[in-house]
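Here's the structure we're looking at; comments come further down.
Here the structure is a predicted model, which means the values were calculated and not measured. Order of the sequence lines fixes the chain letters, A, B, ..., with proteins taken first and strands second; residue numbering starts at 1 for each chain.
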Amino acid sequence: MKIYDTLSQELKEFKTIEENKIKIYVCGPTVYDFPHLGHARCYITWDMVVRYFRFKGYEVTYVRNVTDVDDKIINKAKANSLSIEQIADTYYNEFKEAMAKLNIASPDIEPRATETIDEMINITKILIDKGLAYTSNGDVYFKVGSYPNYGRLSKQNLDDLRSGARVESSEIKEDPMDFTLWKAVKSQDEPGWESPWGKGRPGWHIECSAMIKKHLGETIDIHAGGQDLVFPHHENEKAQSEAAFDKPFAKYWMHNGFVIIGNEKMSKSLNNFVTINDVLEKYDSNAIRLFILTNNYRMPIEFNDESLKAAKSGVKRLLNAYTDVSNVLNQETVLKAEEFINIITDEMLKEESIPFCKMDALVSDELKEELLANIIKQIKLFINSMDEDFNTSKALAVLFEVASLAQKAKDKKLESALYLALLIKLSSVLGFELNKTSTIDNALTEKLMDFIISLRKDVRAEKNWALSDKIRDGLKDIGVTLKDTKEGTTWTIDE
RNA sequence: GGCGACAUGGCCAAGUGGUAAGGCAGGGGUCUGCAAAACCCUUAUCCCCAGUUCAAAUCUGGGUGUCGCCUCCA
């Protein structure tokens, strides 16, 4: 498979450092406010990436940090007369809840910056000992000029950066581009930790370097994050880690594009953000995911109601395929089909021959060959698309095709069961939940609905269409949709 | 000013050399008591100009427009 690497600016063949294992680090949020759609985009993207790696059989260690000490948190704490822990905990919980609502799987390790202070001090020490960092006024700075590759990741050169209008020169720093590794506390109400350079707190960039070193080691497979982190955050992380350990920091650098709103980047500082909770009021997690995955992960996405609406309708189609087809099948057939699809995909990923014999029990001879060929074709299309730097747009086309195949095969139970199973499998790789059962759903509702439907059946037998329609309209008003099909009447609870 | 990207039908969006995936919306039809869903059919020559090539949305050069980074930001 190929992955676009920001550092080399090209698609690179993906090869892990250690056979079959992937160490991936994603820069997590600074928890000082509600998460917005930009965060959703970012973490849905990396969720999809990790899900796909696991689908391919890699053993993934996914680390995503939480920045819980930072000027913004300190300022917010001061403004609200709260401790920085209170602010960080409040918004960390908001973040966690939002991630769960979006069906974003938790990372394997979610370290907090404040739990990794020792490692930050260690790295800072190493850099000072090597003469690559210096203390000044209680602060510690990294000597950018001492690291020859500085600027390679973000394609900047030091002279251009220095002459940039926004760089402040200061007497404390040797070079205006030098960045903070350790910041001395300036007043009593600031949080601080003891260090060889006095009480202080870490700079932002050293936090990630330390958490990576502690949980993943000196070299990792993939370092990912939002495009806005390329400079200075990732550039600086790379510089200090490589300078400290004399090893390449990350084999692949991946960056996701922004969410745009009204022709501008959605961001905290522009105050034009829509929170995840805002969006969830009108659209569910599947719709948000479809909206995001329709676009290439590196391209900007324009947020607007129309696109979300379109995504919602698209999800509806996948959902309809799931419920329509499920309704005509029995549980046993579905389970058998799921098992078969699992076998087939596993064999394909291992590039071993497909076990035709396993199909014997399921489908008759005349169907077998063509059906199997088509299932394999769809899986191949999906894998090939995703292998091209996560072309989710193409992969989604496969989902829609499979959904349609399942619908068309409704008369042939086993065939539609196989397509249904395939749909469930592939959509879960992208993080969709088609079988999300409604929270209102319970045994009593089930019985009541069965009862109402049986009454309506009698009414319809008498061709009392007025009453029959009244029941259907009435249920629609309270959020239950009835569908009259050949097999009988089905009901679903509206979103 | 330096650096990095983008421009495809009404909207969103794939596609990096051989005559344009998919989704949404629209139109027509099948099915249905009706509805919903589903299914079938249907809508583009790819910002402009020049060049390379037998052949370009796809490569090169030049325009025009838009965005991002260079300050905290996913």
Side-chain angles (χ1 to χ4, degrees), chain A residues 6 9 26-30 32-33 35-46 64 67 70-72 75 151 154-157 159-168 177 204 224-233 235 255-260 263-270 273 290-291 293-296 298-302 304 306-321 323-325 327 381 385 388 391-401 403-404 406-408 410 460 463-466 468-469 472-473 476 481-486 490 492:
Chain A
T6 308
Q9 289 176 290
V26 173
C27 284
T30 301
Y32 72 99
D33 207 343
H36 58 69
L37 203 57
H39 298 104
R41 203 261 166 112
C42 174
Y43 302 118
I44 284 173
T45 296
W46 307 118
R64 188 184 66 205
T67 297
D70 157 279
D71 286 358
K72 296 208 160 163
N75 293 338
S154 54
K155 320 296 167 222
Q156 305 283 343
N157 77 66
D159 290 333
D160 289 338
L161 286 168
R162 287 192 188 104
S163 63
R166 304 188 215 192
V167 177
E168 268 177 58
M177 290 313 297
W204 176 35
Q227 253 160 25
D228 47 357
L229 299 184
V230 176
F231 192 90
H233 186 53
E235 191 71 60
H255 294 95
N256 66 276
F258 302 124
V259 174
I260 306 292
N263 245 354
E264 267 182 328
K265 174 187 165 191
M266 179 181 289
S267 74
K268 289 282 167 58
S269 37
L270 291 170
F273 60 91
L290 182 61
F291 164 66
L293 295 184
T294 299
N295 296 262
N296 179 293
R298 290 188 276 123
M299 296 292 118
I301 302 180
E302 169 82 28
N304 60 61
E306 206 186 335
S307 294
L308 259 310
K309 256 188 214 155
K312 190 178 177 176
S313 303
V315 164
K316 192 110 192 281
R317 237 183 90 207
L318 298 178
L319 246 31
N320 281 335
T323 50
D324 287 358
V325 176
N327 277 332
L381 263 172
S385 305
E388 284 170 34
N391 192 330
T392 48
S393 194
K394 264 188 179 176
L396 282 166
V398 177
L399 294 202
F400 282 101
E401 173 67 14
S404 174
Q407 288 275 22
K408 277 185 259 188
K410 259 191 294 189
R460 292 179 75 214
K463 297 197 190 298
N464 186 345
W465 307 126
S468 162
D469 290 351
R472 187 172 61 198
D473 293 345
K476 183 79 199 165
T481 301
L482 291 189
K483 281 187 202 172
D484 297 317
T485 70
K486 264 187 262 172
T490 65
T492 47

Keeping the roles fixed (side chain from A:Ser404, backbone from A:Phe400), state whether a donor-acceptor pair exists under 3.5 Å.
-> no
Separation of the P atoms in B:rG62 and B:rG4, to the nearest angstrom = 14 Å
Given atom CD of A:Glu388 and atom C1' of B:rU16, what is their separation to the nearest angstrom?
-> 11 Å
Of all the heavy-atom pairs spanning A:Gly38 and A:Val259, show the shortest one and how long it is.
-> CA-CG2, 3.9 Å
Nearest to side-chain heavy atoms of A:Ser468, which nucleotide of B:rG33, B:rC24, B:rC69 | B:rG33
Side-chain donor/acceptor of A:Thr485 to base of B:rA37, under 3.5 Å = no
Once you round it to whole Å, what is the distance between C1' of B:rC34 and NZ of A:Lys483?
-> 16 Å
Can you check the A:Met266 CE to B:rG68 C1' distance for me, whole Å?
-> 15 Å
Integer-rounded Å distance: B:rA38 P and A:Lys410 NZ = 9 Å
Using atom NZ of A:Lys309 as one end and atom P of B:rC11 as the other, report the distance to the nearest whole Å.
-> 16 Å
What nucleotide, of B:rC70, B:rC72, B:rG22, holds the atom closest to the side chain of A:Ser269?
-> B:rC72
So does A:Asp160 reach the base of B:rG1 with its side chain, donor to acceptor, closer than 3.5 Å?
-> no
Could you check A:Arg472 against A:Cys27 and say which one's nearest nucleotide on RNA chain B is further toward the 5' end?
-> A:Arg472
Considering only the C1' atoms, how many Å lie between B:rG2 and B:rU8, rounded to the nearest integer?
-> 31 Å
RNA chain B: 5'-proximal contact among A:Ser313 and A:Asp484 (nearest heavy atom) = A:Ser313
What about A:Asn157: does its side chain form a donor-acceptor pair under 3.5 Å with the base of B:rC3?
-> no
If you measure from the P atom in B:rU16 to the same atom in B:rA7, how many Å do you get, rounded?
-> 12 Å
When rounded to the nearest Å, what value does the distance between P atoms of B:rU52 and B:rA57 take?
-> 16 Å
Rounded to whole angstrom, note down the P distance from B:rC49 over to B:rA38.
-> 42 Å
What nitrogen or oxygen pairs link the protein and nucleotides 4-9 of chain B at under 3.5 Å?
| unit_1 | atom_1 | unit_2 | atom_2 | d |
| --- | --- | --- | --- | --- |
| B:rG4 | O3' | A:Gln9 | NE2 | 3.2 |

Same-atom distance (C1') from B:rA35 to B:rU30, integer angstrom | 16 Å
Atom pairs under 3.5 Å, N or O on each side, protein against nucleotides 39-41 of chain B: can you list them with distances?
| unit_1 | atom_1 | unit_2 | atom_2 | d |
| --- | --- | --- | --- | --- |
| B:rC39 | OP1 | A:Ser404 | OG | 3.1 |
| B:rC40 | OP1 | A:Lys408 | NZ | 2.8 |

Counting side-chain heavy atoms from CB outward, which of B:rA21, B:rA37, B:rG23 is closest to A:Asp324?
-> B:rA37
Nearest-nucleotide pick for A:Asn263, side chain only, options being B:rA25, B:rC67, B:rA74 | B:rC67
Look at the side-chain N and O atoms of A:Lys265 and state whether any lies under 4.0 Å from the OP1 or OP2 oxygen of B:rA74.
-> no
Ignoring the backbone of A:Asn295, work out which of B:rC12, B:rC72, B:rA74 is nearest its side chain.
-> B:rC12
For the side chain of A:Ser385 and the backbone of A:Leu381, is there at least one donor-acceptor N/O pair under 3.5 Å apart?
-> yes
Once you round it to whole Å, what is the distance between C1' of B:rA21 and CG of A:Asn391?
-> 10 Å
B:rA21 and B:rC46: how far apart are their C1' atoms, nearest whole angstrom?
-> 14 Å
Nearest-Å distance for atom pair CG/C1', residues A:Leu290 and B:rC24 | 10 Å
Just how far, in rounded Å, is C1' of B:rA37 from NZ of A:Lys486?
-> 13 Å
